[in-house]
Amino acid sequence: MIQTTPETDLGIFLVSLCAGVIGSLAGVGGGILVIPALTTIFGVDIRLAVGASIVSVIATSSGAASAYVRDRITDMRIGMFLELATTTGAVCGAIVAAYVSASLLFLLLGLVVLLSAGMQVARLQEEVPTDEPSHLAVRLKLTSSYPDRRLGREIPYSARRIPLGFAMMWFAGVVSGLLGIGSGVLKVLAMDGAMRLPMKVSSATSNFMIGVTAAASAGIYLSRGDVDPRIAAPVALGVLLGAVTGARLLQRVSNRSVRMIFLPVLVAVGLEMIGRSLGLSI
Amino acid sequence: MNPERFRVMVSTVLLVGVSISAALIALGFGAAFAVGWQGSLLGQGASTAAATDYADLPARLAKLEPLAISQLGLVALLATPVLRVAASVVGFALEKDRLYAAVTLIVLAVLLTSIFVLR
């Protein structure tokens, strides 16, 4: 897409707005929905879609992280430590992306969307096991506590299986750099699943890390000429505004029931992306 | 620096960064409807620069070109997490946490390398 008209500018903005709202209601980022929308509806080249998406990911993550950091739910030490893994992973992903075929990108994107949908079903809300912190966790200062409003007290926690979590984070970074998405689902999986951190701490810290991870690959996309403002500007504005709107709406309704409503949307988008990758490779 | 002020500082960097970037991007996007992406709000000649070219940004900003205004906003957005990490280096250093000052410095180095060296 070389030429844009005021109509397509406005269209991209509105579609990104919807992606932001639905993404935030469905508990996934906007990027994962905006790339399918841009490529399918507007025929945008997937590389420009990825370049626009990664920029919008920085905007939504930084906006939300600003609030969570103040609430002491984000663990800045765990976040910084794991950013060693995600930023190097993202750099690798962004470099590799230049050599990967569009159909493989669509396939990967489809799989990540389906994984996100699956996570909504499987999400367990078990409380944290309070074992003795491991030697490594103490050495790396990956033990802390957070104020839980619902339980009305401080909940102590410490990171477990740190090498496994670190490796999973590196992979999350690769996926983020490759596809231009936040890959929050993979980050939460690493922290909540592998490192056994409390769910709230995992999702807030994941959000905190997403912006920095995205910046590591966005710089590469920008110097490569994949960040076209005619697409990236309406996408960043639309997704950001949509995410803020979605978060406001969520305060009025129960998270879980809303997420179930959007589950079929995620599954459909995931299957569509996989179908497209198969169609492209023939 | 106490942890509370550290958190407020990091939070402020993020909020201010996103607000300024979003405002610039919106300004450029809005102006594009008036004079076109490559026009000029000052009524000067249309630019011939490629939309994905971020070079000679100052000159095109001087003409108030919508494309350049949005580009500046996108660059500011990219700079926001970098500034957040830089602020964290200072924060950990003031907390005298050498281990995390070092960890954060490495992350900052990775970011700067990805932005200025790799492509």
Side-chain angles (χ1 to χ4, degrees), chain A residues 2 4 6 9-10 13 48 51 55-56 58-63 65-72 74 76-77 80-81 83-84 87-88 90-91 94-95 98 139-141 208 210-220 222-234 236-237 240-241, chain B residues 3-4 6-19 21-22 24-26 28-29 32-33 36-38 50-54 66-71 73-75 77-82 84-85 88 91-92 97 99-100 103-104 106-107 110-119:
Chain A
I2 306 301
T4 60
D9 287 346
L10 202 59
F13 173 74
L48 294 181
V55 173
S56 76
I58 300 179
T60 44
S61 152
S62 302
S66 155
Y68 287 129
V69 166
R70 276 176 197 260
D71 290 345
R72 292 209 303 124
T74 302
M76 292 210 282
R77 282 195 172 77
M80 288 310 312
F81 174 70
E83 275 166 16
L84 288 173
T87 50
T88 47
V91 166
I95 290 174
R139 281 258 300 275
L140 293 171
K141 302 183 196 172
F208 178 70
I210 284 173
V212 170
T213 311
S217 61
I220 298 177
L222 195 135
S223 30
R224 201 185 274 159
D226 285 345
V227 181
D228 185 335
R230 295 172 302 179
I231 300 163
L237 290 174
L240 181 62
L241 205 62
Chain B
E4 204 53 44
F6 187 3
R7 285 180 178 276
V8 170
M9 174 179 78
V10 168
S11 167
T12 308
V13 168
L14 289 170
L15 193 63
V16 171
V18 171
S19 307
S21 325
L24 285 168
I25 296 171
F29 183 58
F33 284 100
W37 279 110
Q38 276 154 314
T52 54
D53 189 359
Y54 287 72
L67 196 63
I69 299 172
S70 278
Q71 281 176 330
L74 292 169
V75 170
L77 195 54
L78 177 62
T80 299
V82 182
R84 188 274 267 173
V85 173
S88 307
F92 283 124
D97 186 337
L99 175 64
Y100 274 88
V103 164
T104 312
I106 297 173
V107 173
V110 172
L111 284 178
L112 294 176
T113 309
S114 76
I115 291 170
F116 292 109
V117 182
L118 300 171
R119 60 178 50 221

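Residue numbers begin at 1 in each chain, while the letters A, B, ... track the order of the sequences.
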How about [X] and [Y]: do any of their side-chain heavy atoms sit closer than 4.5 Å?
X      : Y      : value
A:L84  : B:V107 : yes
A:I58  : B:P81  : yes
A:K141 : B:D97  : yes
B:V85  : A:M80  : yes
B:T12  : A:R70  : yes

Identify which part of [X] has an atom lying under 4.5 Å from any heavy atom of chain A, answering side chain, backbone, both or neither.
X     : value
B:F92 : side chain
B:L77 : both
B:V8  : both
B:S21 : neither
B:I25 : both

Mind ranking [options] by heavy-atom pairs under 4.5 Å with chain B and telling me who comes out on top?
options                       : answer
A:D226, A:T213, A:L10, A:L222 : A:L222
A:L240, A:I95, A:L140         : A:L140
A:P229, A:P234, A:A236        : A:P229

Is it the side chain or the backbone of A:V227 that comes within 4.5 Å of chain B heavy atoms, both, or neither?
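For A:V227, backbone and side chain are both near chain B.
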What part of A:L241 lies closer than 4.5 angstrom to a heavy atom of chain B: side chain, backbone, both or neither?
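It is neither, since no heavy atom gets under 4.5 Å.
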Largest heavy-atom contact set with chain A, pairs under 4.5 Å, which of B:I115, B:T113, B:L15:
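Option with the top pair count is B:L15.
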Interface residue of largest heavy-atom contact number with chain A, from B:A26, B:S19, B:S70, B:G17, under 4.5 Å:
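Between B:A26, B:S19, B:S70, B:G17, the count favours B:A26.
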Check step by step if side chain to side chain contact (heavy atoms under 4.5 Å, CB included) holds for B:V110 and A:V91.
CA-CA 8 Å; B:V110 172; A:V91 166; 4.1 Å; yes
Of the non-hydrogen atoms in [X] and [Y], which two are nearest, and what is the gap between them?
X      : Y      : value
B:L78  : A:A215 : CD1-O, 3.6 Å
A:D9   : B:F29  : O-CZ, 3.7 Å
A:S62  : B:V18  : CB-CG2, 3.3 Å
B:L111 : A:V212 : CD2-O, 3.6 Å

Separation between OG of B:S88 and CZ of A:R77, rounded to the nearest 0.5 Å
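B:S88 atom OG to A:R77 atom CZ measures 10.5 Å (nearest 0.5 Å).
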Rounded to the nearest 0.5 Å, what separation is found between the OG1 atom of B:T104 and the CZ atom of A:F81?
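With rounding to 0.5 Å, OG1 (B:T104) is 12.0 Å from CZ (A:F81).
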When you measure from the side chain of [X] to the backbone of [Y], do you find a donor-acceptor pair of N or O atoms at a distance under 3.5 Å?
X      : Y      : value
B:R84  : A:F208 : yes
B:R7   : A:V69  : yes
B:Y100 : A:M76  : no

